[in-house]
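For reference, the structure discussed in these notes is given below.
Chain letters run A, B, ... following the sequence lines, proteins first and then strands; every chain starts at 1. As a basis for the values below, the full set of heavy atoms in this structure was taken, side chains included, without hydrogen atoms, waters or symmetry mates.
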Amino acid sequence: MADISLTFPDGTARDYTAGVTPAEVAGSISKSLAKKAISATVNGAHWDLQWPIEQDAQIAIHSMQDDAQALELIRHDAAHIMARAVQEIWPEVKVTIGPVIENGWYYDFDRDEPFTPEDLDRIEAKMKEIINRRDPVTTEIWERDRAIKFYQANKEPYKVELIEAIPGDQPLRMYWHGHWQDLCRGPHLQHTGQLPADAFKLMSVAGAYWRGDSNRAMLQRIYGVAFKNKQDLKAHLTMLEEAAKRDHRKLGREMDLFHMQEEAPGQIFWHPNGWTIYTTLQDYMRRQQTRGGYVEVNTPQVVDRRLWEESGHWDKYQEHMFIVEVDEEHAREKTVNALKPMNCPCHVQIYNQGLKSYRDLPLRMAEFGSCSRYEPSGALHGIMRVRGFTQDDAHIFCTEEQIESETLRYIEFLSNIYRDLGFPDFKVKFSDRPETRAGEDAIWDKAETALLAATRKAGIEPDLNPGEGAFYGPKLEFVLTDAIGRDWQCGTHQVDFVLPERLDATYIGEDGAKHRPVMLHRATLGSFERFIGILIEEHAGKLPFWLAPRQVVVASIVSEADEYVHEVVAKLRKAGVRAEADIRNEKINYKVREHSVGKVPVILAIGRKEVEDRSVTLRRLGEKQTSVVALDAVLTSLAAEAVPPDLR
RNA sequence: GCUGCUGUAGCUCAGAGGUAGAGCACUCCCUUGGUAAGGGAGAGGUCGAGAGUUCAAUUCUCUCCAGCAGCACCA
């Protein structure tokens, strides 16, 4: 056997016989390392302790101290142990796939009966039993045909399909513990007992389509979380409990912001408090857009199907549109209309009024556009995914050459706004050409290059989302996360070659000939509804002062103070602060509690002392201590605090 | 849309084949109290909607609607 040289993280190298395993390498260094080792990284790949190394390599041996590797192995093996537990309890259940995800894993099963919460307890108990057996974990390399025959004989059709989908004739890793086995690329722990028995939990069961395809079988997916120890698991569960308290649906009720009801699913009844947030945000956005060189327009809600046919929506988007028919009783003839699901076709109508010159470009046309989309019932989620919403939408009509500069300009516009609103960090996804698309590849090349170049010039390296672009052009997505870490696309910036063509938008170029403009669809907040949902969850309801619907409550301690309370409220309002009086016959404790729950940022308490020396006692939300401030001083400071960030 | 779960007072939830309960909130009374719930009394519900089984259904069954989790979708 040829010798190979393995280089360790500290730069030293040692020679081994080819085919040596990381377990043997660890043993050659020290007994304690051999004992602690759980896996290795070999030339950048996560490597099982039992896999042979055939050539020179960089190697690092991992122990449970290495979080990334340890957690991956723990979660990965937990998935397999769960699958085994399920098959030990219900041998007829078919296994499919079970990857590691953030904080844990899931595994999809095909079983006729639904899994119940009691079943999850049973599975968890069985998993602990398997862990206690401490079965050694081994992998074997099998020929593809042998594996297929094996799974056919075992009546595991999903595994057969998985293998058939693996291209070429590559050998397959079969993974065993005890008499149970699974197809798996590994790596794994050395025996089932290495999985911490008290640091995992089965969380939920939900449906999931086989291979993510809604035309195929609906499987049952069991989710679990796993950590290195009990404390980490407990911390994670506590974090989830805390996150649930920030749920915008719960806070929306507690802060009296909005409600929704059965008669209008996916649509929002904004209460005065919530609408104040909305209009404050809208005022802010309008100022930003004006500064950003946009013109603002407004377009119809109910539009004849003819326009949607021309724009292509009638063909491609009809199932998501609210269709409105007007019958002969009202009109001379029956007409079919649709509530607008998007603003773009209407904006082109405005663009098309009168001839446009190249001198008019780029033309940035903005609308706070109310859109209605018949979203699938299962997609609705609080105010974040709704059927009636308003986009802070705009379309930039420009030339191909202007795509890059307009994109850069826009990313800077958006970054500035996100920073103001408390999101200095956000994820950017770049989605390039999908399989079915309109437009020539040469134009796609140009557009993709321009988007990427602009993004990088803005100092952002986007996550790639291959093939996820719209059929009409590539796009950038600006993503924020909710309280429990779910991604929500808020901002978007999309190149569109198709709509100007379909709706015949043109401009006269320097050469005196007609040309086709490119359209950039862009929305910064995305929709007010979703963005406000994110804002609420991000701040746990404690919105920055300028956005808080009720900024100040002035609360009396004794009824003798009532008159002065009203005076303070009036002066605050005059100074531009949203203030309310609370002179109810209740103790100050009661009032403080109620307005704290309601997330009012500042409570000014007023008793005899304050009336006498014309002061207030100020208390900030979440703080225990109070301070006595002169009325004039508090008026000045709160008025300054109430100024939106762009006007400071 | 799909799979599973849920739907009882404004909110959070308990309950049972014989037409309902708690706490908070609400109204009134007492209380004027110094920073996260002062005391008392009162009012409040076609038990999500419809159909079926039953002497009797809010409870059991079915259908529908809505919500929740996940999947799919997200121009």
Positions of residues 555-566 of chain A (non-hydrogen atom under 4.0 Å from RNA chain B), listed by number: Ile557(A), Val558(A), Ser559(A)

Tabulate protein N/O versus nucleotide N/O from nucleotides 25-30 of chain B, keeping only pairs under 3.5 Å, one per line.
residue	atom	partner	partner atom	Å
A25(B)	OP1	Tyr590(A)	OH	3.3

Of all the choices, A69(B), G34(B), A37(B), which nucleotide is nearest to the side chain of Ser204(A) once you look at every atom? A69(B)

For Gly212(A) and for Ile588(A), locate the closest nucleotide of RNA chain B by heavy-atom distance; then report the residue assigned to the nucleotide nearer the 5' terminus. Ile588(A)

Filtered N/O pairs between nucleotides 4-13 of chain B and protein, under 3.5 Å:
residue	atom	partner	partner atom	Å
U12(B)	OP1	Arg253(A)	NH1	3.3

Among residues 477-495 of chain A, which contact RNA chain B at a heavy-atom distance under 4.0 Å? Arg486(A)

Of the nucleotides C71(B), A66(B), C73(B), which has the atom closest to the Pro265(A) side chain? A66(B)

Whether each nucleotide of nucleotides 39-44 of chain B has a protein heavy atom under 4.0 Å at its base (B), only at its sugar-phosphate (S) or at neither (-) is summarised, 5' to 3', as ------

Over all strands shown, is Ala605(A) touching base, sugar-phosphate only, or nothing at heavy-atom distances under 4.0 angstrom? base

RNA chain B-proximal residues of residues 369-384 of chain A, any heavy atom under 4.0 Å: Arg373(A), Pro376(A), Ser377(A), Gly378(A), Ala379(A), Leu380(A), His381(A), Gly382(A)

So, is Arg619(A) near the phosphate of A36(B), with a side-chain N or O under 4.0 Å from OP1 or OP2? yes

Any Arg249(A) side-chain nitrogen or oxygen under 4.0 Å from OP1 or OP2 of C68(B): yes

Is Arg221(A) close enough and on-axis enough to Tyr106(A), meaning under 6.0 Å and within 45°, for cation-pi? yes

Tell me the partner of G18(B), counting only Watson-Crick (N1-N3 plus N6-O4 or O6-N4) or G-U wobble (N1-O2 and O6-N3) with both under 3.5 Å; none if nothing fits. C55(B)

